[in-house]
Amino acid sequence: MLLVPIMVEHASIAMLEIPMTALICLTLLMYFRLVDRGVWRSWGEVLTASLLCAAIVYTKQPGVFLLPALLIDMLVSHRHLLCDRRTQRCWR
């Protein structure tokens, strides 16, 4: 009986790993498709990317490290995307 609170705590910690991993995979998929195309398709895609990034942050805090990595990759390799106003709206 003494171990029940510890098991409940560990169960709640592990339960958030799966949704965070799924959101990270979806965000990376969208990002790689954007990089391959070189342009945004629509404002709906921008809204979806923004919501995915926000969901990663609110699901579990280690997901925050993905966003600076994507920004650094854009700065280094895909600067033309930063000039697009849709990208600027996505990051705000």
Side-chain angles (χ1 to χ4, degrees):
M1 287 300 211
L2 293 174
L3 295 177
V4 172
I6 295 172
M7 290 175 57
V8 170
E9 181 181 345
H10 287 298
S12 66
I13 290 172
M15 292 298 288
L16 290 177
E17 296 295 333
I18 295 169
M20 184 189 69
T21 305
L23 290 170
I24 286 174
C25 289
L26 285 173
T27 303
L28 288 175
L29 178 69
M30 284 193 73
Y31 179 72
F32 291 140
R33 288 177 59 194
L34 170 67
V35 167
D36 286 342
R37 276 194 317 269
V39 293
W40 293 96
R41 270 191 310 185
S42 65
W43 282 100
E45 188 177 29
V46 175
L47 180 64
T48 304
S50 299
L51 291 175
L52 280 172
C53 290
I56 288 172
V57 172
Y58 287 124
T59 302
K60 193 152 174 134
Q61 293 301 321
V64 173
F65 297 113
L66 175 71
L67 303 179
L70 293 179
L71 182 61
I72 290 170
D73 184 57
M74 272 192 182
L75 283 171
V76 172
S77 303
H78 311 288
R79 221 175 252 270
H80 65 282
L81 289 172
L82 291 175
C83 297
D84 190 357
R85 64 187 170 109
R86 293 182 207 178
T87 305
Q88 294 167 4
R89 288 286 178 183
C90 184
W91 286 102
R92 288 185 187 172

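Between atom CG of residue Leu34 and atom CZ of residue Arg41 there is a gap of 10.0 Å, rounded to the nearest 0.5 Å. In this structure, CD1 in Ile56 is found 6.5 Å from CG in Leu52, a value given to the nearest 0.5 Å. In this structure, Leu51 CG and Leu26 CG are separated by 12.5 Å, a value rounded to the nearest 0.5 Å. Remark: Trp40 CH2 to Met30 CE distance equals 6.0 Å, nearest 0.5 Å. Put simply, CD1 on Ile24 and CZ on Phe65 are 11.0 Å apart, with the number rounded to the nearest 0.5 Å.
Placement of Leu47 and Val57 in two distinct hydrophobic clusters is found when ILVMFWY residues are connected by side-chain heavy-atom separations under 4.5 Å, directly or transitively. In the hydrophobic clustering of this structure, Leu75 groups with Phe32; members are Ile, Leu, Val, Met, Phe, Trp, Tyr whose side-chain heavy atoms approach within less than 4.5 Å, directly or through other members.
With a 4.5 Å cut-off on side-chain heavy atoms, Leu70 and Leu28 count as touching. A 4.5 Å side-chain heavy-atom check between Arg79 and Met74 finds every atom pair outside the cut-off. Between Tyr31 and His78 there is a side-chain heavy-atom pair separated by less than 4.5 Å.
For the residue pair Cys53 and Thr27, the shortest heavy atom distance occurs at SG-CG2, 4.1 Å.
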